[in-house]
There are 2 protein chains.
Amino acid sequence: MTPQRQLVIDAVRDLGHATPEQICARVQRAAPAVNITTVYRTLDLLERLGMVRHTHLGHGAPTYSEQEHQHVHLVCHSCGSVSEAPTDLMDDLAERLLRESSFELDVTHVALSGRCADCPDDHRTADDEEIR
Amino acid sequence: MTPQRQLVIDAVRDLGHATPEQICARVQRAAPAVNITTVYRTLDLLERLGMVRHTHLGHGAPTYSEQEHQHVHLVCHSCGSVSEAPTDLMDDLAERLLRESSFELDVTHVALSGRCADCPDDHRTADDEEIR
DNA sequence: CTATGTGCAAATCTTTTGCATGCCC
DNA sequence: GGGCATGCAAAAGATTTGCACATAG
């Protein structure tokens, strides 16, 4: 366990869910010399150790969060905000998938996409707004 | 409507769901001169026109499919296979999200992740296997 | 001494942009 | 001629790799 690794863990914990870039920026506030390469390598390592997990939020960037930090991500593709919902929302679905398709759902790995409460239902299609 | 655009539409239809790269390769079988830039631009255009949609399958690459081709994608993060399930699987969930979180779910935009019927439950974590 | 972690630079891959050309009306 | 679509080359952004150095055990 090196200082860099500890900093990455702290950053992941503090940020909740963040991209490698954001994590790197955070780490560099404490230790400017830390290279982004190290952040990538460390995230990879921590993930293999089961200490962090990553989730795909839709538009390319994977985000990392603590392993324990389990919830379903709801991404608004109009405003880009990410909110969280309890994983038991998915329990029924998970059960049905297992029964009907023998598919064992990993609830936390992928974000659900849609429009959040704050965004009006204008008629642009959702993807027009997606951050690239 | 140019020949290139028709070819892209055909490729999207034929391939079901495919990345821009795959679509480009397919198009180039018929017209080798077509540039990948054109594929990207055309997909963008077709998407704005509502003729195709794209879905995030988890590991970075977005895949494009016909607009009408509505279903939920199930991605196995052990073997990488993509299967499809009827969207009404998600109806209950969508309703609950709307009621409890005022979140209007877009069922088709994001793939669900998990382990498919064919993959044994070994104890590597799912993400170890994720295609990068 | 050996193994491992780190920083740096460069390579790679994907996607986007700028620009010149060509075609259609 | 004006506008739009295309191809090409280059840029941009994200991630990975090779390598040399340092440090710990």
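Order of the sequence lines fixes the chain letters, A, B, ..., with proteins taken first and strands second; residue numbering starts at 1 for each chain. Being a predicted model, the structure only gives us computed values, none of them experimental.
Salt bridge A/Asp92/A/Arg96: absent, no basic N to carboxylate O contact under 4.0 Å.
At distances below 3.5 Å, not a single donor-acceptor pair connects side-chain atoms of B/His109 with backbone N or O atoms of B/His56. Side-chain atoms of A/Glu66 do not come within 3.5 Å of backbone N or O of A/Val12 as any donor-acceptor pair. Under the 3.5 Å distance criterion, the side-chain polar atoms of B/Gln22 are matched with a main-chain donor or acceptor of B/Thr19.
In this model, the phosphate group of C/dT17 is not approached by any side-chain N or O of B/Arg41 to a distance below 4.0 Å at OP1 or OP2. One finds a side-chain N or O of B/Thr38 lying less than 4.0 angstrom from the OP1 or OP2 phosphate oxygen of D/dG7.
The CD1-P distance, from B/Ile9 to D/dA5, rounds to 13 Å in whole Å. For the pair A/Gln4 CD and C/dT6 C1', the interatomic distance rounds to 6 Å; values are reported in whole Å. Atom CG in A/Leu45 sits about 12 Å away from atom P in C/dT4, given to the nearest Å. For B/Tyr40 and D/dG7, the OH to P distance is 16 Å, given to the nearest whole Å. Nucleotide C/dG7 holds its P atom 10 Å from the CG atom of A/Leu7, rounded to whole Å. Rounded to an integer number of Å, the gap from B/Leu43 CG to C/dT14 P is 15 Å. Put simply, CD on B/Gln6 is 12 Å from P on D/dT6, counting in whole angstrom units. Residue A/Arg5 contributes atom CZ, which lies 6 Å from atom C1' of C/dG5 at whole-angstrom precision.
At its two ends the helix from C/dC1-D/dG25 to C/dC25-D/dG1 runs along axes set 10° apart, each axis drawn from five pairs and the angle rounded to 10°.
Annotation for A/Pro20 and A/Val39: closest pair O-CG1, 3.9 Å, computed over non-hydrogen atoms. In terms of heavy-atom proximity, A/Ala31 sits nearest to A/Leu7 at CB-CD1, 3.7 Å.
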A/Arg26/A/Asp14 under salt bridge (charged side-chain N to carboxylate O under 4.0 Å, His left out): CA gap, chis, key distance, verdict: CA-CA 9 Å; A/Arg26 178 72 164 222; A/Asp14 290 352; 3.3 Å; yes

Audit row: B/Arg53, B/Ser65, side chain to side chain donor-acceptor pair (under 3.5 Å) steps and yes/no: CA-CA 6 Å; B/Arg53 58 167 55 235; B/Ser65 54; 5.7 Å; no

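Contact of the A/Leu98 side chain with the A/Leu105 side chain is not registered, since no non-hydrogen atoms from C-beta on lie closer than 4.5 Å.
A/Pro3 comes within 4.0 angstrom of nothing in the nucleic acid, heavy atoms only.
For the segment residues 19-37 of chain A, residues with any heavy atom less than 4.0 angstrom from an atom of DNA chain D are, sorted by number, A/Glu21, A/Thr37.
Of the candidate nucleotides D/dT15, D/dA5, C/dT15, C/dT15 has the atom nearest to the side chain of B/Pro62.
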